[in-house]
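Each chain gets a letter, A, B and so on, in the order its sequence line appears, and its residues count up from 1.
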Amino acid sequence: MVLRRPGSRPPGHLRIAHRRGQAGRAPPLRPRREGREQEEGLEVVVRRSKSLVPTLREDPADAEALSHRLMLRAGLVRQLAAGIYVYLPLGQRVLDKINAILREEMNAIGGQEILMPVVHPAEIWQQSGRWEGIAEMFKLKDRAGRDLCLGMTHEEVVAWLAAREIRSYRDLPQVWYQIQTKERDEARPRSGVLRTREFLMKDSYTLDPDLAALDKSYADHERAYRRIFDRCGLTYYVVQSDVGMMGGLGSHEFMAPSAAGEDEVAMCAGCGYAANVELARGVPEAPAFPAWTREEVATPNVRTIAEVAAFLAIDPRLTIKSLLYVAKRAGPVFALVRGDHALHERKLARALGEEFRPAHPDEVRAAVGAPVGSVGPVGARVPILADEALKTGTYVVGANREGHHLRGVTPGRDFDCRFIDLHTVTSGEACVTCGKALAVEKVIEIGNIFKLGTRYSVALKAMYLDEAGREQPIVMGSYGIGPARIAAAAIEQLADADGIVWPWSIAPYQVYIVLVSAKDAAQRRAAEEIYAECWRQGLEAVLDDRDERPGVKFKDADLLGIPVRVTIGTSFLKEGIVEVRSRRTRQESRVVKDQVVEAIRAVKASEAPT
RNA sequence: CGGGGCGUAGCGCAGCCUGGUAGCGCGCACGGUUCGGGACCGUGAAGUCGGAGGUUCAAAUCCUCUCGCCCCGACCA
């Protein structure tokens, strides 16, 4: 991987990138030759007339999400296949900016950058128990028939490395990180770079002697992540998240609110409670319960909750949805939620502690003797899990007899069940902690932090000797950030009707110089001077020197979202004035040429500090 | 994996129902007029109509299979 650190280089000092670690044949470092060759290199990179910045006038047909459309239109990326993208020069620069921030903040908490392979031997995944059962893993064989896979994450490699290199408590703690490509054969890539099969990830791993030390490493990461996302100009929440079927001791996700998000979080404005909906609990408002006595009612041709409620002329909240699932080991089990609620399958999975699937219609009939539309918990001879919201009240449930329902059923009295949280929280439910109304929002997961514990260290024998000379498993944590998701989330959150609005910190360049008439010698000279001066002053500038009409350049400048636009046109010819304009606020100042850098700095100062 | 949609020039699309010489806009090349918010006129280049098989005198169009892409859902250690 070529590590290019974006930074400010004056003209003539751009673009020397060295490949690391070329097996003893690294070219000798020598002073760079000044002059023509590098001037040309500079021109290729930052002049629109020579650059690969293929902007599109129209929205691409295949792009739905705002960030996807804009990343294509602004010439940041191109799609090679489903969920597989090429990053063009501008997109690559944005990633470089984000990665530079990631490195700074990871280094600040003691992180040591390493680079682990994309191709892994099967053995380490077999040892951790993850070789089988992950549908998203790309697997392959080498020419000798050995099993390999493409790394979807690197816990195994870290544990393998730790097993070899960490021996004593004196070697701990360690924080290792990399910025590396991950490969996951996603069931459904979508929304541009938000969910892809190949993507860059900053993943870090902490090695600690015990849980108390892990807590500190975890807190360090949370602090670093907050700084990273703050610097990238994002709005985000830190929420509790599900540790998943893999176990683990706790985890949080960093979530950027956006309509393009795939996840949902529940937030409480009152006490700050915030959790992924796969975990979030809420107290729904209870309906007024009629004084029913228990009786069977005929409900011919009535199957769904909506039909039941309509047929009996009652509030759907007075019904119970009875869902039969088949657990791998435990077999059939009923899950009950209130009629207006949705069951959250992750919650059920946690309660069951194993995999499950919805029962087939014939299995439903076999278990309770009635078709799907008429099933209910009363008299059913299968274990019953009921949502907590059903602890009180009397309801209408299926009678386990075709075309009939039971009215006046009280969970706990009329059937035995275990009450647990099963329903998907919705906006307006009361916070379990403080009682205020919860808000549910769509979010993009931009980072997560995860207390792993000793699962991988035990499996791969990553042990150390403690002060007493006893062998102990290393306690691990793992922490991820998706740079492309940061870029997409920034676009989603900040773009306006005219295009992208980059935060200063991750913009591919900071200054977009519009040379209104490329044929006018005086304008051109002035634009060139301003451009060179920007680079001398540490401002990364693009010069739009194309022979295009001004409108085309202005439209492109807006679309690309570079924070400051400098226009050299007729005002310069007439009055020696150039215009310096903020992309975000659209405020423009008219200054003489020598004050341009100062005016640009004023725009920067008005942006969010990074 | 279930459901829906779409593959025709670089991009966006029409043509398909009702088979008969492949079109429009943008972009691109050349010439001219323009030149502060995606100009105009003229000329021109560019398409295995996703692929394979079939029906037919004749297939972009009808049939079968197949590949790819998008959207919704499921899944996401």
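- Residues E136(A) and A61(A) both approach RNA chain B. Their nearest nucleotides, taken by heavy-atom distance, put A61(A) toward the 5′ side.
- The nearest whole Å value for the distance from the CZ atom in R583(A) to the C1' atom in G37(B) is 13 Å.
- Between the side chains of E579(A) and S571(A), a donor-acceptor pair is found at a separation under 3.5 Å.
- Taking atom P on both G47(B) and A22(B), the two are 13 Å apart, rounded to the nearest angstrom.
- Between R583(A) and D496(A) there is a salt bridge, since a side-chain N of the basic residue sits under 4.0 Å from a carboxylate O of the acidic one.
- G12(B): Watson-Crick or G-U partner is C24(B), with both key distances under 3.5 Å.
- Between R184(A) and R57(A), the one whose closest nucleotide on RNA chain B sits nearer the 5' end is R57(A).
- With hydrogens and angles ignored, a donor-acceptor pair under 3.5 angstrom links the side chain of R73(A) to the base of G38(B).
- Within the nucleic acid shown, E155(A) has no heavy atom closer than 4.0 Å to any nucleic acid atom.
- A salt bridge links R357(A) to E363(A): one of the charged nitrogens lies within less than 4.0 Å of a carboxylate oxygen.
- At a threshold of 4.0 angstrom between heavy atoms, the contacts of T570(A) include nucleobase atoms, whether or not backbone atoms are also involved.
- The side chain of Q79(A) approaches C70(B) more closely than any other nucleotide in the set G38(B), G37(B), C70(B).
- When both distances must be under 3.5 Å, the Watson-Crick or G-U wobble mate of A29(B) is U43(B).
- Below the 3.5 angstrom threshold, one finds a donor paired with an acceptor across the side chain of D558(A) and the base of G37(B).
- Across the C1' atoms, C17(B) and G3(B) are found 25 Å apart, a figure rounded to whole Å.
- The side-chain heavy atoms of S241(A) and N448(A), taken from C-beta on, include no pair separated by under 4.5 Å.
- In this entry G68(B) has C6(B) as its Watson-Crick or G-U wobble partner, both defining distances falling under 3.5 Å.
- Using a 4.0 Å heavy-atom cutoff across all strands shown, S191(A) reaches sugar-phosphate atoms only and no base atom.
- The cationic group of R485(A) does not satisfy the cation-pi geometry with F254(A), failing either the under 6.0 Å distance to the six-membered ring centre or the 45° limit from the ring axis.
- C26(B) and C41(B) have their P atoms separated by 8 Å, given to the nearest Å.
- At a cut-off of 3.5 angstrom, counting only N and O atoms as typed in the model, there is a donor on one side and an acceptor on the other between the side-chain of E579(A) and the base of G36(B).
- Rounded to whole Å, the C1' atom of U56(B) lies 10 Å from the corresponding atom of C62(B).
- To the nearest whole angstrom, the two C1' atoms, one in U21(B) and one in G15(B), are 15 Å apart.
- An OP1 or OP2 oxygen of G36(B) is reached within less than 4.0 angstrom by no side-chain nitrogen or oxygen of Q523(A).
- Going from atom CG of L573(A) over to atom P of C35(B) covers 14 Å, rounded to whole Å.
- Using P as the reference atom, G31(B) and G20(B) are 40 Å apart when rounded to the nearest Å.
- With salt bridges taken as basic N to acidic carboxylate O contacts below 4.0 Å, one links K451(A) and D215(A).
- Atom P of G42(B) sits at a distance of 13 Å from the matching atom of C24(B), rounded to the whole Å.
- Here the nucleotide nearest the side chain of F554(A), chosen from C69(B), G37(B), A39(B), is G37(B).
- Rounded to whole Å, the distance from CG on D185(A) to P on C75(B) is 18 Å.
- Contacts of A82(A) with the nucleic acid, taken as non-hydrogen atoms under 4.0 Å apart, involve only primed sugar atoms and P, OP1 or OP2.
- The CZ atom of R546(A) sits 14 Å away from the P atom of G38(B) (whole-angstrom rounding).
- Note on R581(A): a base of the nucleic acid sits closer than 4.0 angstrom, heavy atoms only.
- With a 3.5 Å ceiling on both atom-pair distances, the Watson-Crick or G-U wobble partner of G73(B) is C1(B).
- Phosphate contact (OP1/OP2 of C70(B), side-chain N/O of R190(A), threshold under 4.0 Å): absent.
- Using atom C1' as the reference point in both G23(B) and C16(B), the two lie 14 Å apart (nearest Å).
- Judged by distance alone with a 3.5 Å cut-off, a donor-acceptor contact links the side chain of R565(A) to the base of G37(B).
- Among the atoms of the strands shown, only primed sugar atoms or phosphate atoms (P, OP1, OP2) are found under 4.0 Å from some heavy atom of E345(A).
- Across the protein-nucleic acid pair, L88(A) atom CG and G10(B) atom C1' stand 14 Å apart, rounded to whole Å.
- Nucleic acid contact class of A81(A) (heavy atoms, under 4.0 Å, all strands): sugar-phosphate only.
- A donor-acceptor pair shorter than 3.5 Å can be found between the side chains of Y479(A) and T206(A).
- Residue K553(A) is out of contact with every strand shown, counting any heavy-atom pair closer than 4.0 Å.
- A straight line from OH of Y512(A) to P of G36(B) spans 17 Å, rounded to a whole angstrom.
- Across the strands present, U34(B) finds no partner; the criterion is a Watson-Crick or G-U wobble pair with both atom distances under 3.5 angstrom.
- The interatomic distance linking R188(A) (CZ) with G2(B) (P) rounds to 14 Å, in whole Å.
- Taking atom CG of L515(A) as the reference point, atom P of C35(B) lies 17 Å away to the nearest angstrom.
- If you check U56(B) for Watson-Crick or wobble pairing at under 3.5 angstrom, you find it has no partner at all.
- By the 4.5 Å heavy-atom criterion applied to side chains, D556(A) and R48(A) are counted as neighbours.
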